[in-house]
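Have a look at the structure below before the remarks.
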Amino acid sequence: MEESWRNDSKRREDGRTVKERAVSMLTYRYHPLPSGTIRLLQLMPHRDKCAPIECRLVDYLLLDSGKRPHPYEALSYVWGSPEKTRLVYLETGYLAITENLHVALLRLRNSTLSRIIWVDAICINQDDETERGFQVQLMAMIYAKATCVLVWLEEATGASRSSNEETVTNGDRALEEICAAAEGRSPGWVDDKSRKEIIALLDRSWFRRIWVLQEASAARQISIMTRSLEIDGFAFYSGLKTLNFYCGDLEKQRRIGSAVYLFKDANLRSKNVAPRSGNFSLDMSTLGELIDMYHNREATDSRDKVYALLGMSSDGHSAGGLSANYEISWKDLFRQFVNFAVGPKGLVETWGEEEAVAAIKIKGHIIGRVNSVRSTDGWGNTLILDVRPTSVFRLGIGARSIWHQFKWSIQITAKPIQAGDLVCILQDAPHATIIRAYKDYCAVIAIAITPNIPWGEGTKILTGDLVEFVRSKPGFQCDFLLLWDLRRPLEEPRDGADCETFLRTQAPENTCGWLEDPWDKATRLHAIGRILKGIHDELANTAFRKAIRIYEEILGKGDLQTPGLLELPSNIVNYMSDHLVLERLGLIADIISGKRDWFNIDIIYWTPDGDRMDSTSALAQKYDHRLMALVFHYWRKQITITEEVVKAAANNVLWATEMIGLLLDRRSDQVIITEEVLKVAAENKYHARTALALLFGRGNAQITITEELLKVAAGNEDSPEEVLALLIDQANGQAPITEEVLKQAANHPYYSRKLLALLVDRGNGEVVITEEVRKIPERMGSFTREHLDLIVERARREKQGLRSKVGVP
């Protein structure tokens, strides 16, 4: 092969030029390529800059790791106009090429020596889809093994002036300004004319195309070229950084920056390029992350929005069966990728040939809300997210009160992330996802992120084992309907537009049968209520109520008087937090919708000892008896009333009496009244007396009044006198009024006098006030010892039926 490249003669044995022979043979016909082989273009020299382009194609074994690779360059450019108006001449025919490639080849042609180049439009048979697929899988290695990647930024068209004119272009002047800044030959700023020229250069198609990303990221050396200038890739990056150049548009800045950033480290990349297990990848990021970052870039063939990124992906060429195959449609390829990204349990439908939209039904967990977003710098590739984790996520990973907010670092995404977006972990998906909630669906903003998160004293990447760890922890699992629209810019839904409106507007041919299912519609509303709670409470409230109405219509349970259940008395609503009122609505929907599955109301609530409560206990403690009645209606066979449930009911601040009454009405045989239950009831600030009276009056066990129970009652914050009197009466003269009980009464900040008098008066036998008891009121400043003696004396006289003549102040 090397011997053939040394023969640069224009004439062959028959005396004809390459052009003459090519014209006689008409269009060049490619021959099949052996496995692992590519074609290299030998660009023949010519002293006449206007002469036709003559070249040869030579097979080259790219995967031959036993030999030192033959030096060649690789061209990175854009095709420009698809019209192939120019010709290049080979030994056995000619090939039609675009104007822009023709100008680039003229620029690269040497006057005396041939040049070895890889150019996709010529070295790949573009009419053979099978060959295209195989060659695309080799492209990362092709650019990585090249001695230099030549980035051609000019954009010639058929209407432009002759490509051979010796003219300094705007691109040349812009490149010169950038080079001067990199070399320290400029003051660090440019005038308006130069600024416009630089902006025009950066706005060229090369910076918008998707294939150039792989080409630049694979390069071991980069050379930036215009018509008459050429500078190193790092100098290009350094010059823009020195100028602190801003393009005037944030989206454009990020798009250009993500490409220019790849120039920075080209010279530092290893020159030893060898595939592993027959495949070669740049291992930059996961395929999902790459799609998130770059799907808004342009591609002549929509399928290249996936295939152009495979060689950069750490998932490999065959991830999810996604190896380059130009025989399948873009719609099918997109569905295949979405299934790979979200896992096998997602139900995915896609449509659109030019632009892709996917509808995904899947379960998942919300783990955080984005509070703010900022980028590291204009030419960087990183976003800093301030994320407030949900209580489920915070509690699930053991950070109960310290993680109010923390910073996550992720790659810049094509769709801008904004405050209010949600971070979730989808069922079986290997990475976290960022979504944006709308009326009854969520839009995918970024399908796969792997942020660094605080973990212990350091950080950990939220992926792999950690994702599984988070999934295993308790938390609400939502039913998501996700719509992923790859169009740019992201089209916001019209006011009031729901999922059905969006899909039928954007995809009238779509046949998502589940859209017609009322239960599915209720589930979407129910899920979006859960998602919007705490973000947009008014919309969440509306979504919950609509979902409940649809559930009732389907189940035919109008006799439950749910409309009354939805409304709470105004005095109660004022006492409850907005969060709790909204959470209650969500629970009503949970209870009713669970009819399809199993009793699995997942409420996160913690005992004072740090133990997680079961769902029934959490309902009994936090919510009202009407909500519990709804649970009994739907799930009476699954409900078991344990001691913990009764204790939780007795601890209910607003509805303890009603909740205990309901439990006794529905399951009196299961309500076991233990000392622990009575102690919890005796401590209840507002319902202690009525709750205890219910337990005493309707309980099914012999109740003993203990010293510990009296101590708890003496410490009741609001009505200790009433509670103690009830317990003493219940003891039938056997109440153990001990020194410890008296000390507890004496310690009460508001009612110590009345409690001591009550205990002396109602005690069985002589109640002894010890020296330790006497010290307590005096130490607290409640009253003196003398006052205490007067209180005790008066109580004893009244107990004996005598009228005290001693006044107590």
Side-chain angles (χ1 to χ4, degrees), residues 250 254 285-286 288-289 291-293 341-342 362-377 380-427 429-438 442-478 480 482 484 490 527-528 530-537 539-540 579 604:
L250 181 59
R254 288 180 174 178
S285 295
T286 67
E289 288 178 291
I291 293 286
D292 286 332
M293 288 188 282
V342 303
I362 195 169
K363 294 181 181 295
H365 296 79
I366 300 290
I367 64 170
R369 178 184 185 273
V370 177
N371 279 356
S372 64
V373 185
R374 63 182 176 86
S375 58
T376 51
D377 62 71
N381 207 29
T382 304
L383 285 178
I384 305 298
L385 308 182
D386 287 324
V387 178
R388 184 179 182 85
T390 61
S391 59
V392 172
F393 180 56
R394 187 168 60 247
L395 297 174
I397 59 178
R400 296 194 178 175
S401 61
I402 58 174
W403 283 15
H404 296 297
Q405 184 166 309
F406 48 83
K407 298 184 186 301
W408 284 0
S409 172
I410 68 169
Q411 300 284 353
I412 284 180
T413 56
K415 288 186 178 180
I417 299 170
Q418 62 188 35
D421 289 345
L422 304 172
V423 185
C424 62
I425 294 179
L426 302 178
Q427 188 178 25
H431 306 282
T433 299
I434 294 181
I435 61 175
R436 187 171 301 155
Y438 292 111
C442 295
V444 173
I445 305 301
I447 197 67
I449 62 168
T450 54
N452 285 315
I453 67 170
W455 186 266
E457 297 181 355
T459 62
K460 191 167 185 176
I461 296 177
L462 183 63
T463 185
D465 293 341
L466 186 52
V467 169
E468 293 304 318
F469 174 80
V470 172
R471 278 201 193 99
S472 70
K473 294 300 175 180
F476 290 112
Q477 189 175 59
C478 299
F480 290 105
L482 305 177
W484 193 10
L490 176 65
I528 209 70
R530 280 281 175 213
I531 293 166
L532 289 172
K533 181 171 63 66
I535 299 168
H536 200 312
D537 287 349
L539 290 179
H579 167 81
I604 301 301

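Values below: all heavy atoms of this structure, side chains included; hydrogens, waters and symmetry mates excluded.
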Of all the heavy-atom pairs spanning [X] and [Y], show the shortest one and how long it is.
{"X": "V423", "Y": "A432", "answer": "CG1-CB, 4.2 Å"}
{"X": "I447", "Y": "G288", "answer": "CG2-O, 3.8 Å"}
{"X": "P430", "Y": "A341", "answer": "CD-O, 3.6 Å"}
{"X": "A437", "Y": "C442", "answer": "CA-SG, 3.8 Å"}
{"X": "P416", "Y": "I445", "answer": "O-CG2, 3.9 Å"}
{"X": "W408", "Y": "I367", "answer": "CH2-CD1, 4.0 Å"}

Does the side chain to side chain contact (heavy atoms under 4.5 Å, CB included) test come out yes or no for E289 and T450, once each step is laid out? CA-CA 8 Å; E289 288 178 291; T450 54; 2.8 Å; yes
Atom [atom1] of [X] and atom [atom2] of [Y]: how far apart are they, to the nearest 0.5 Å?
{"X": "S285", "Y": "I449", "atom1": "OG", "atom2": "CD1", "result": "12.5 Å"}
{"X": "D537", "Y": "L532", "atom1": "CG", "atom2": "CG", "result": "9.0 Å"}
{"X": "T433", "Y": "W484", "atom1": "OG1", "atom2": "CH2", "result": "8.5 Å"}
{"X": "R369", "Y": "D386", "atom1": "CZ", "atom2": "CG", "result": "12.0 Å"}
{"X": "R436", "Y": "L422", "atom1": "CZ", "atom2": "CG", "result": "10.0 Å"}

Heavy-atom check, side chain of I410 versus side chain of I434, under 4.5 Å: yes
Side-chain contact, heavy-atom cut-off 4.5 Å: F480 with I531? yes
Any chance you could lay out the side chain to side chain contact (heavy atoms under 4.5 Å, CB included) test for I366 and I435, step after step, and finish with the verdict? CA-CA 10 Å; I366 300 290; I435 61 175; 4.2 Å; yes
Going by side chain to side chain donor-acceptor pair (under 3.5 Å), name the residues that satisfy it together with T413, two or more places apart in sequence or in a different chain. none
Report the C-alpha separation of L482 and L426 in whole Å, then their side-chain angles, then the decisive distance to 0.1 Å, and conclude whether the side chain to side chain contact (heavy atoms under 4.5 Å, CB included) test is met. CA-CA 11 Å; L482 305 177; L426 302 178; 3.8 Å; yes
One pair to check against side chain to side chain contact (heavy atoms under 4.5 Å, CB included): D421 and V373. What are the steps and the verdict? CA-CA 10 Å; D421 289 345; V373 185; over 6 Å; no
